[in-house]
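Worksheet: the structure to be examined is printed underneath.
Chain letters run A, B, ... following the sequence lines, proteins first and then strands; every chain starts at 1.
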There are 2 protein chains.
Amino acid sequence: MMFPTEMKQRPPSADTPAKAATEAATQVPPHVLAVDDDPELRNLLREFLPKHDLRTTTVATGAEMLRVLEQEPVDILLIDLRLPHEDGLALARKVRDTSAIPIIILTGKTDEADRVMGLELAADDYVTKPFSPRELVARVRALLRRTQPDAGGSSTAAPRAYRFAGWELNLRRRRLTNPSGDAVELTNSEFNLLSAFLAAPQRVLTRDQLLERSRLHSLEVYDRAIDVTILRLRRKIEPDYTDPQLIVTERGAGYVFTQPVSVLR
Amino acid sequence: MMFPTEMKQRPPSADTPAKAATEAATQVPPHVLAVDDDPELRNLLREFLPKHDLRTTTVATGAEMLRVLEQEPVDILLIDLRLPHEDGLALARKVRDTSAIPIIILTGKTDEADRVMGLELAADDYVTKPFSPRELVARVRALLRRTQPDAGGSSTAAPRAYRFAGWELNLRRRRLTNPSGDAVELTNSEFNLLSAFLAAPQRVLTRDQLLERSRLHSLEVYDRAIDVTILRLRRKIEPDYTDPQLIVTERGAGYVFTQPVSVLR
DNA sequence: CGTGGCCGTGAAGGAATCTTGACGTGGCGC
DNA sequence: GCGCCACGTCAAGATTCCTTCACGGCCACG
């Protein structure tokens with residue numbers, strides 16, 4: 001077991017999804033903002049939620065919450081009903097007044113929750129403490145699903161596939177086919193790495209960026225680990241992997257995917 | 001018993017029979033009929049649902065419900081699972097026998113509901129109390145969307161059955177038949193899992209997605225529970241379950257149903 | 001109340017995949 | 001040219017991930 005996120009205090013700016021959203025067309029994980037005065041709970045959340053592909057920021061007070069909301073997009077809010085010097089419900093209402101961010105209230109007792117849910121429109125769901133992390137994740141997911149019907153607009157839809165130099169990478173099926181139409185097996189990280197490249201063609205990507213996109217977890221890995229994955233990927237897609245044409249090394253900077261890429265939706 | 005007092009009285013013209021609803025794409029708001037013995041909840045519903053463009057009638061007993069059903073068209077039913085002297089589920093079944101009105105069960109506990117949904121085909125969804133009004137509206141809407149063929153095209157209708165590789169899965173009967181025409185027994189979770197796959201063929205589904213789609217909302221289950229169900233399902237439908245062809249593992253990502261699937265409506 | 005089916009959990013085992021360290025090699029600045 | 005440094009390559013471990021089995025709770029049915 002690992003206990004990584006404990007000390008990992010990232011400034012809000014580090015979490016900013018704007019960058020990721022524009023650069024990678026890969027599905028950006030939803031951003032969860034949790035407000036609770038209990039540090040232990042915050043730690044738990046930061047440890048657990050990301051494992052389930054939920055980007056997580058935690059704060060202790062309503063003021064901090066508002067600050068974060070201003071700075072970056074948030075997809076769902078978790079708010080403790082009883083915060084030391086403020087009322088979670090009031091916070092929720094305040095948010096509701098100005099946005100449609102879905103809100104889950106964390107509460108101690110069921111009857112308390114009853115009251116909250118009854119006539120209040122401030123919250124969309126509640127979870128009673130103590131809750132199992134699984135349950136929380138499930139509820140967050142469920143609520144996101146309900147509230148993000150994901151506009152049918154084809155412009156915002158996630159890409160279905162990429163094409164480059166006769167190859168095709170099918171994102172739904174997670175499958176790569178070569179110009180002759182044969183399937184080429186990719187491991188998970190190879191697939192992720194390749195889609196990171198295809199989402200940002202003709203652009204130099206640093207190792208860090210690539211790592212972040214190709215490894216789902218483990219934030220602390222040697223940069224060099226990416227080299228090996230690049231190598232393996234090259235062996236699978238380069239005509240001559242000793243003389244790479246598609247994925248070219250930018251010495252001192254990172255790597256570039258050189259070919260034009262077309263996006264299928 | 002409280003009698004029509006609560007039944008929202010409208011001029012007959014507004015209630016105009018089925019033809020108005022089916023024939024014209026005119027904006028006749030859907031008619032919701034709710035059955036619950038709690039007067040407070042009924043008030044809440046009558047107050048809230050109409051604000052969201054849902055014509056709402058509430059009653060306290062099954063008898064009243066039946067009377068309303070006879071008198072006017074109803075687009076969706078909300079039924080409390082535990083009514084004082086009757087069984088909400090029995091009511092639902094009774095309705096189902098003679099009509100196709102979509103039904104949402106209101107229930108107190110999640111596990112209670114899950115069990116009910118599993119075994120019974122009487123309801124289409126359920127909502128656990130206390131629920132947020134928003135959630136209820138969302139579910140009502142979702143269910144209406146699912147069940148109403150929708151003027152636009154034939155594409156939105158709910159599937160009746162799926163075919164794949166000679167097999168057929170009948171959704172109404174919840175029955176699977178193999179290429180030779182023999183029935184293959186599926187447990188409830190196997191059935192749900194399989195239909196989740198068939199609804200999204202050739203697409204890698206994560207465990208979370210499968211969980212979400214195979215339980216209505218069973219919260220709080222171990223991701224890995226899926227694995228076991230997959231195994232059990234494979235034993236029933238794979239020619240050689242040690243070398244799966246239909247449901248293929250995508251390491252690090254999820255599972256895919258590889259075969260082409262045709263939908264019968 | 002017993003019995004049986006269903007389903008979730010834990011653990012064991014094994015396979016696939018990643019990481020790491022070592023070493024080779026080629027580019028680039030001086 | 002020379003040497004340093006960054007990258008390429010390789011092949012062990014290390015680790016994660018999946019499969020499978022077995023157990024036990026739970027509910028339905030009798």
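- Under the 3.5 Å distance criterion, the side-chain polar atoms of A:Thr177 are left unmatched by any main-chain donor or acceptor of A:Ala183.
- Note: OH (B:Tyr222) to C1' (C:dC7) measures 15 Å, nearest angstrom.
- The backbone N or O of A:Ile104 sits nowhere less than 3.5 Å from a side-chain atom of A:Asp124 that would complete a donor-acceptor pair.
- Distances shorter than 4.0 Å separate some side-chain N or O of A:Thr187 from OP1 or OP2 on C:dC18.
- Using modelled atom types and a 3.5 Å distance limit, the side chains of B:Thr229 and B:Arg234 yield no donor-acceptor pair.
- Rounding to whole angstrom units, CG of residue B:Asn192 and P of C:dC6 are separated by 14 Å.
- Side chains of B:Asn192 and B:Arg213: no donor on one and acceptor on the other come within 3.5 Å.
- A donor-acceptor contact shorter than 3.5 Å is absent between the side chain of A:Gln202 and the backbone of A:Phe257.
- In this structure, the side chain of A:Lys236 engages the main chain of A:Glu185 through a donor-acceptor pair within 3.5 Å.
- Note that the two end axes of the helix from C:dC1-D:dG30 to C:dC30-D:dG1 enclose an angle of 30°, each drawn from 5 base pairs, rounded to 10 degrees.
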Exercise for review: Mind running salt bridge (Lys or Arg N to Asp or Glu O under 4.0 Å) on B:Glu168 and B:Arg163 for me, showing each step along the way?
Suggested key: CA-CA 4 Å; B:Glu168 177 169 332; B:Arg163 281 222 182 105; 2.9 Å; yes
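- For the pair B:Ala225 and B:Leu186, nearest-nucleotide mapping onto DNA chain C gives the more 5' position to B:Leu186.
- As rounded to whole Å, 12 Å separates atom P of D:dA22 from atom CG of B:Leu231.
- Relative to the side chain of B:Ser189, the nucleotides C:dT20, D:dT20, C:dC7 differ in distance, and C:dC7 lies closest.
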Sub-3.5 Å pairs of nitrogen or oxygen atoms, protein against nucleotides 1-7 of chain D:
unit_1: D:dC5; atom_1: O2; unit_2: A:Arg251; atom_2: NH2; d: 3.3
unit_1: D:dA6; atom_1: O4'; unit_2: A:Arg251; atom_2: NH2; d: 3.2
unit_1: D:dC7; atom_1: OP1; unit_2: A:Gly252; atom_2: N; d: 2.8
unit_1: D:dC7; atom_1: OP2; unit_2: A:Arg207; atom_2: NH2; d: 3.4
unit_1: D:dC7; atom_1: O5'; unit_2: A:Arg207; atom_2: NH2; d: 3.4

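- Within the 3.5 Å criterion, the main-chain N or O of A:His31 finds a donor-acceptor partner in the side chain of A:Asp75.
- Rounded to whole Å, atom C1' of C:dA16 lies 12 Å from atom CD of A:Glu190.
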Practice item. Begin with the C-alpha distance, continue with both residues' side-chain angles, and end with the deciding distance and a verdict on side-chain hydrogen bond (donor to acceptor under 3.5 Å, both in side chains) for A:Asp243 and A:Gln245. Key: CA-CA 6 Å; A:Asp243 177 25; A:Gln245 302 297 312; 3.2 Å; yes
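- Considering CG of B:Leu77 and CG of B:Leu91, their distance stands at 9.0 Å, rounded to 0.5 Å.
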Check your understanding: Please walk me through it: do A:Asp36 and A:Arg42 pass salt bridge (Lys or Arg N to Asp or Glu O under 4.0 Å)?
Key -> CA-CA 7 Å; A:Asp36 199 302; A:Arg42 293 202 302 275; 5.9 Å; no
Exercise for review: Any chance you could lay out the side-chain hydrogen bond (donor to acceptor under 3.5 Å, both in side chains) test for A:Arg46 and A:Thr58, step after step, and finish with the verdict?
Suggested key: CA-CA 7 Å; A:Arg46 279 205 312 281; A:Thr58 60; 2.6 Å; yes
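- One atom, CZ of A:Phe191, and another, C1' of C:dT17, lie 17 Å apart when rounded to the nearest Å.
- In this view, A:Thr242 and A:Asp240 satisfy the side chain to side chain donor-acceptor pair (under 3.5 Å) rule, not counting sequence neighbours.
- Between B:Leu193 atom CG and C:dC7 atom P there is a gap of 11 Å when expressed in whole angstrom units.
- The CD1-P distance, from A:Ile226 to D:dG8, rounds to 12 Å in whole Å.
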Are any protein N/O atoms closer than 3.5 Å to N/O atoms in nucleotides 11-13 of chain C? If there are, list each pair with its distance.
none

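- Rounded to a whole Å, the CG atom of A:Asp240 is 14 Å from the C1' atom of D:dG8.
- Judged as a ring-ring contact (aromatic ring centres under 6.0 Å, His included), and not counting sequence neighbours, A:Tyr241 has no contacts.
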What's touching nucleotides 11-14 of chain D from the protein side, N or O pairs under 3.5 Å?
none

